[in-house]
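What follows is one structure encoded as structure tokens, with my remarks underneath.
Both backbone and side-chain heavy atoms feed into the values below; hydrogens, waters and symmetry mates do not. In what follows, every chain begins at residue 1, and chains take the letters A, B, ... in the order their sequences are listed. Since we're looking at a predicted model, the values are computed, not measured.
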There are 2 protein chains.
Amino acid sequence: MQDIVQQFVERMGLMMEADGLPRSAGRIFGFLLLAEHPFSLDELADELQVSKASVSTNARLLEQLGILERISSPGDRRDFYRMRQDAWERVMEVGRRRWEAMRVVLSENAESLPDEMQDAKHRLREAAEFHGFLLGEAGTMIERWRAHKRAALAASDAAAD
Amino acid sequence: MQDIVQQFVERMGLMMEADGLPRSAGRIFGFLLLAEHPFSLDELADELQVSKASVSTNARLLEQLGILERISSPGDRRDFYRMRQDAWERVMEVGRRRWEAMRVVLSENAESLPDEMQDAKHRLREAAEFHGFLLGEAGTMIERWRAHKRAALAASDAAAD
DNA sequence: TCGATCGTTCAGTATTGACTGAACGATCTG
DNA sequence: CAGATCGTTCAGTCAATACTGAACGATCGA
């Protein structure tokens, strides 16, 4: 693996770890972000110097988070992983589900509080309202991002030529 | 502690744990979300059945995340913690800082990649662009939230009377 | 059907992370 | 200044988590 790739992979491992995910998952993410083609489990295990079992678990985690996708070639029983083209939209979608779960909990508890806890009820309502607000904003944001992406990246790539 | 409070506190502990934070921090958060008045370290340790050392560490963590604030009364050497009134705006601000850090890393690496890695460079540029986009959106979102909050909560409280 | 090669799962292990109790410095009171 | 009471820090302990190697079922070609 090239030195600059290795360095970037480690960096992503640390940043994902700061977000509460396994460092290995971050390394897989970093590696595939730079990969020129899809990689199999064994190839990833070899490149990242970890066991196939670890790659299997963490790659599946990233797949569930909407970051990776698994592709298969005819005549090849192996699965190959690569970044999803719409990875970032998917990440935002996963975030929305978490916010929705939080909103539900906050909202239900706000209404079930006894009447003498007015302050608490008010704070819970505000918290629930905030998460509902986030939910809505994130929804429209995905569409704005699609438009933004086309414009921004066209300009960026043109500038590089 | 009332049963309904205890249940909510545990719930918040689990949800924060799913977000990668210590469960104890989540419990403090949940408890103060329902608290009718600020609490000292010793009171929190007593209520949540954990050591004062643990409360000290986790409360400070929540303070850094912009969720809690520490207040002091004249003639009392103790510090008291309570939810910040603008906790959610602060949380969003902290998120923005993380996205900015990520954007910088992605952007720098995109430009330092060798020319033969065109695909990787394109993906990194897109990833950096996404985080920059998030950054901008979150900025304007804070202002929209302030307006939204006033309208929504006024209606909500009125309906409850 | 046999052997080879996938991906996944699982028990065991190592490492990381959280919590505790004690010690400490700082700050106030008597 | 002595004693008390804060909050923080730190070494030690305990629990949770991630990783590994081996075993397993599934799938395919010979």
Audit row: A:F39, A:H37, ring pair (Phe, Tyr, Trp, His ring centres under 6.0 Å) steps and yes/no:
CA-CA 7 Å; A:F39 278 76; A:H37 58 85; 4.3 Å; yes

I'd like to know if B:R125 pairs up with B:E111 as an ion pair, taking the criterion as any Lys NZ or Arg NE/NH1/NH2 lying under 4.0 Å from an Asp or Glu carboxylate oxygen.
yes

Between C:dT8, D:dT9, D:dG7, which one does the side chain of A:Y81 approach most closely?
C:dT8

Give A:D76 one of three labels, base, sugar-phosphate or nothing, depending on what nucleic acid heavy atoms sit under 4.0 Å from its own.
nothing

Respond yes when some side-chain nitrogen or oxygen of A:R60 is under 4.0 Å from OP1 or OP2 of C:dT9, and no when none is.
yes

Does B:S54 make a side-chain N or O approach to OP1 or OP2 of C:dA18 shorter than 4.0 Å?
no

If you check the A:L41 side chain, which of D:dG7, C:dT8, C:dC19 turns out closest?
C:dT8

OP1 or OP2 of D:dT8 sitting under 4.0 Å from any side-chain N/O of B:R70?
yes

Do A:E93 and A:R96 meet the salt-bridge criterion of a basic N to acidic O distance under 4.0 Å?
yes

Quickly work out the B:R27 CZ to C:dC19 C1' distance and round it to whole Å.
11 Å

Can you measure B:D42 atom CG to D:dT8 atom P for me and round it to whole angstrom units?
12 Å

By nearest-heavy-atom nucleotide on DNA chain D, the more 5' of B:R77 and A:A53 is B:R77

Between D:dG7 (P) and B:D79 (CG): distance, integer Å
5 Å

If you define the side chain from C-beta out and look only at heavy atoms, does anything of B:L134 sit under 4.5 Å from A:M92?
yes

Among the candidates D:dT20, C:dC6, C:dT9, find the nucleotide nearest to the side-chain atoms of A:T57.
C:dT9

Integer-rounded Å distance: D:dT17 C1' and A:N58 CG:
11 Å

note: A:E17, atom CD; D:dC19, atom C1'; distance rounded to Å ~ 14 Å

Ignoring backbone atoms, test whether B:R23 places a side-chain nitrogen or oxygen under 4.0 Å from the OP1 or OP2 oxygen of C:dA18.
no

Taken to the nearest whole Å, NZ/B:K52 to C1'/C:dC24 is 11 Å

Just to confirm, is there a sub-4.0 Å distance from OP1 or OP2 of C:dA18 to any side-chain nitrogen or oxygen of B:S24?
no

Send over the distance from B:L61 CG to D:dT8 C1', rounded to a whole Å.
15 Å

Roughly, in whole Å, what's the span from CD1 in A:I71 to P in C:dC6?
16 Å

Determine, step by step, whether B:K149 and B:E89 satisfy the salt bridge (Lys or Arg N to Asp or Glu O under 4.0 Å) criterion, reporting the C-alpha distance in whole Å, the side-chain angles of both residues, the deciding distance to 0.1 Å, and the verdict.
CA-CA 11 Å; B:K149 178 167 67 174; B:E89 304 169 19; 3.4 Å; yes

